[in-house]
2 protein chains.
Amino acid sequence: MVNKSKKEQILRVASELFNKQGIRATGVDQVVAESKVAKMTLYNHFPSKDELVLSYLKRQDEQWRDWFESSVDRRGGTPQNRLLAVYDVLGEWFVAPDFTGCAFIKTASEFSDDNHPYFVASHQYKVYLRDYIASLVEQCNVKQSQMLASTLYMLVEGAIMTYMLQTEPEAAVHAREAAQILIQQLS
Amino acid sequence: MVNKSKKEQILRVASELFNKQGIRATGVDQVVAESKVAKMTLYNHFPSKDELVLSYLKRQDEQWRDWFESSVDRRGGTPQNRLLAVYDVLGEWFVAPDFTGCAFIKTASEFSDDNHPYFVASHQYKVYLRDYIASLVEQCNVKQSQMLASTLYMLVEGAIMTYMLQTEPEAAVHAREAAQILIQQLS
DNA sequence: AATTATACATACAGGTCTGTATAGTTTCAA
DNA sequence: TTGAAACTATACAGACCTGTATGTATAATT
């Protein structure tokens, strides 16, 4: 049986490097070196860099999703409260010491061709996020729920993006205030 | 005197390739080949790929800025109308046949280190956009103008991002509706 | 006519990249 | 204890990268 901890170790180091430096900027040799692993061990667990990257994206998806949803749930309360909690959780994410921006925004930006597997994976994940917010909106009984869902989702992406670009330090707080006005106005 | 048309030619081809494929993915050899120019001609006009990229970013900035501001101005009207026109112009941009997303979002994503010259350049440009929207808001005489400016700016970035990610085909329209509600509510 | 600036084609230096080949070593279970 | 699976180290193939070197052609200027 393959030593699973080695595979985990490689994937953990690779994820960190992909997040920090980008995918194209991170070579297999660096992953090998920082994982303290032989090159053949990496290629034993991942048939190619492509597969390593796809594993990274999948893992990133699962981890972020779990963290995000459970953080929102933990704050609980009414559907409206949970909807607003989204922005509180965003704010927490932004100030985490290891915040490196959204991996999917960065990956989709680096590989912006519609048909590229990395773009497709990133797109898929963002579809989930959009639908997750839409499902929270559905529980709120508002007018124009589709438009509201779309807007709140764009506020999320906008907050992430402006925080990444370092053009809006108060992104999460302001997005929350705006969301509150919009929800209230359509209730 | 250096043949300016050659320099322009190189920069035009390079810009197209950077926009389509990304910066790291575009090699000097490809720029040379598609410019139908000798390699030494490129290096005669641009001392390094770095300088070529910085020229590309500067040019992109100037061009986009000119196009965007003049498009908003052309629609004219009251300060409020001009603020909403921002989202109409965004919508026009999205459906342009050569739309490749925001070059600065992509560049900042590909080179996300705070100190990287490409990131700094992209950041600078986005600061301009943020301030431009803030200046439109200032002319509107609203309550909480700072928060409103921040929000409307995030809606712009959010609309661009979600359109790029292909998760929100109606990004511009919905962002406009949300902006309208927010402006009205704070007037 | 001679000089200078620009662009040309080609080759290559020196480094990086992904992936493979090979041979030796550790680990662990039967 | 033996044998297979997993891991290690090293070297290298072949492609790509940026940037340079060299020598030639062309066209404008002096």
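In the text below, chain A, chain B and the rest are named by the order of the sequence lines, each starting its count at 1. Note that these values count all heavy atoms, side chains included, but never hydrogens, waters or copies made by symmetry.
- Between the CD1 atom of A:I10 and the P atom of D:dA6 there is a distance of 13 Å, given to the nearest Å.
- Note: CD (A:Q21) to P (C:dC17) measures 10 Å, nearest angstrom.
- Atom C1' of nucleotide C:dT27 and atom CG of A:N44 are separated by 15 Å, given to the nearest angstrom.
- Note: A:F99 and A:W93 have perpendicular aromatic rings, judged against thresholds of 30 and 60 degrees for the angle between ring planes.
- Of the candidate nucleotides D:dT18, C:dA9, D:dA9, C:dA9 has the atom lying nearest to any side-chain atom of B:A38.
- Atom CD in B:Q9 sits about 11 Å away from atom C1' in C:dA7, given to the nearest Å.
- OP1 or OP2 of D:dA6 has not a single side-chain nitrogen or oxygen of A:T41 nearer than 4.0 Å.
- Ring pair A:Y132/A:F68 is perpendicular by interplanar angle, where above 60° counts as perpendicular and below 30° as parallel.
- When rounded to the nearest whole Å, the span between NZ of B:K6 and P of C:dT6 equals 13 Å.
- An OP1 or OP2 oxygen of C:dT6 is reached within less than 4.0 angstrom by no side-chain nitrogen or oxygen of B:H45.
- For B:Y43 and D:dT22, the OH to P distance is 18 Å, given to the nearest whole Å.
- The base of C:dG19 lies close enough to the side chain of A:K39 for a donor and an acceptor atom to sit less than 3.5 Å apart.
- Rounding to whole angstrom units, CG of residue B:L42 and P of D:dA21 are separated by 16 Å.
- Inter-residue side-chain proximity for A:Q60 and A:N19 is flagged as met; some heavy-atom pair is nearer than 4.5 Å.
- Using modelled atom types and a 3.5 Å distance limit, the side chains of B:E157 and B:Y153 yield a donor-acceptor pair.
- Note on B:S35: nothing from the nucleic acid sits closer than 4.0 angstrom, heavy atoms only.
- Nucleotide D:dA5 holds its C1' atom 14 Å from the CE atom of A:M40, rounded to whole Å.
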